[in-house]
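Here's the structure, in structure tokens; my notes come after.
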Amino acid sequence: MSDAFNLYEATYMQDADFITPLDKKSVIILLQFLEDAETPLYQGCTKYKKLPAIVVLYRLKAVNGWSDKSFNGLLEILHDMLPIDNVLLKSVYSVRKFLNTFDLGCEKIHTCINDYCLFSKEIENEDKCPICGSSRWQEDERTKKIRKGVPAKVLRYFPIMRRFRRMFRSPKLAENLRWHFSNKSEDGHMRHPVDSLAWDYINDKWPDFASDPRNL
Ligand SMILES: [Zn+2]
């Protein structure tokens, strides 16, 4: 988490001179959120900070398909079991709101429930999968009615370019990202993919790309 904190700090604070006062206000708010995220789960807790604790629990919910209702119940019990000063959130609503603050700009794309297609480009406005015919929208479990507007399945896509740009804004990460450019093995031993034949092949084929130390 502290890596993420450094990354955010580098990203936003390095830009601080170039942004408007309004943006600066949102940067300050974001940094306050980050400080909040770094709070130990309870006083003296060395194992979990607020953000990782919430992410671990929310991941379990997602992987096991727990309902919002059962997750709410679990959060309430955990909150009660932990020391009284704990900062664990008590409802799935507050967890989602909290996690949305750290949204790294993921794109949400509706998908076929059987993974046959993405509802994008030419089938962006379709209501049914053109391959298996399944509905794009969720079906109400009780009434069996289609809930138009509520997707049956969503793919979360993190565009790689935005992530690379953010990574290069952190001086420490940027140094690591350029490491391969000047640390190719000279003794014939392979220590990193940069020492491989495949890497040489790519470099030979696209010399322009190869000549930029920031290439990834
Ligand atoms: Zn389908």
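Counting convention: from 1, in listed order, for ligands and their atoms alike. Note that these values count all heavy atoms, side chains included, but never hydrogens, waters or copies made by symmetry.
Within the structure, salt bridge (Lys or Arg N to Asp or Glu O under 4.0 Å) pairs that include any residue of residues 193-205 comprise Lys184-Asp200 (at least two apart or interchain). The list of salt bridge (Lys or Arg N to Asp or Glu O under 4.0 Å) pairs with a residue in residues 75-96, not counting sequence neighbours, reads Asp68-Arg96.
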Could you tabulate the donor-acceptor pairs under 3.5 Å formed by side-chain atoms of residues 185-192, not counting sequence neighbours?
residue	atom	partner	partner atom	Å
Ser185	OG	Asp187	OD1	2.8
Ser185	OG	His189	O	2.6
Ser185	OG	Arg191	NH2	3.4
Asp187	OD1	His189	N	3.0
Asp187	OD2	Arg191	NH1	3.3
His192	ND1	Val194	N	2.9

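Inside a sphere of radius 2.8 Å centred on the Zn ion (ligand 1), the protein N/O/S atoms present are Cys112 SG, Cys129 SG, Cys132 SG.
Under a 3.5 Å cut-off, the side chain of Asn86 and the backbone N or O of Tyr42 do not form any donor-acceptor pair.
In this structure the side chain of Asn114 never reaches within 4.5 angstrom of the side chain of Lys153, judged on heavy atoms.
One hydrophobic cluster, built from ILVMFWY side chains closer than 4.5 Å, cannot hold both Tyr157 and Ile113; they sit in different ones.
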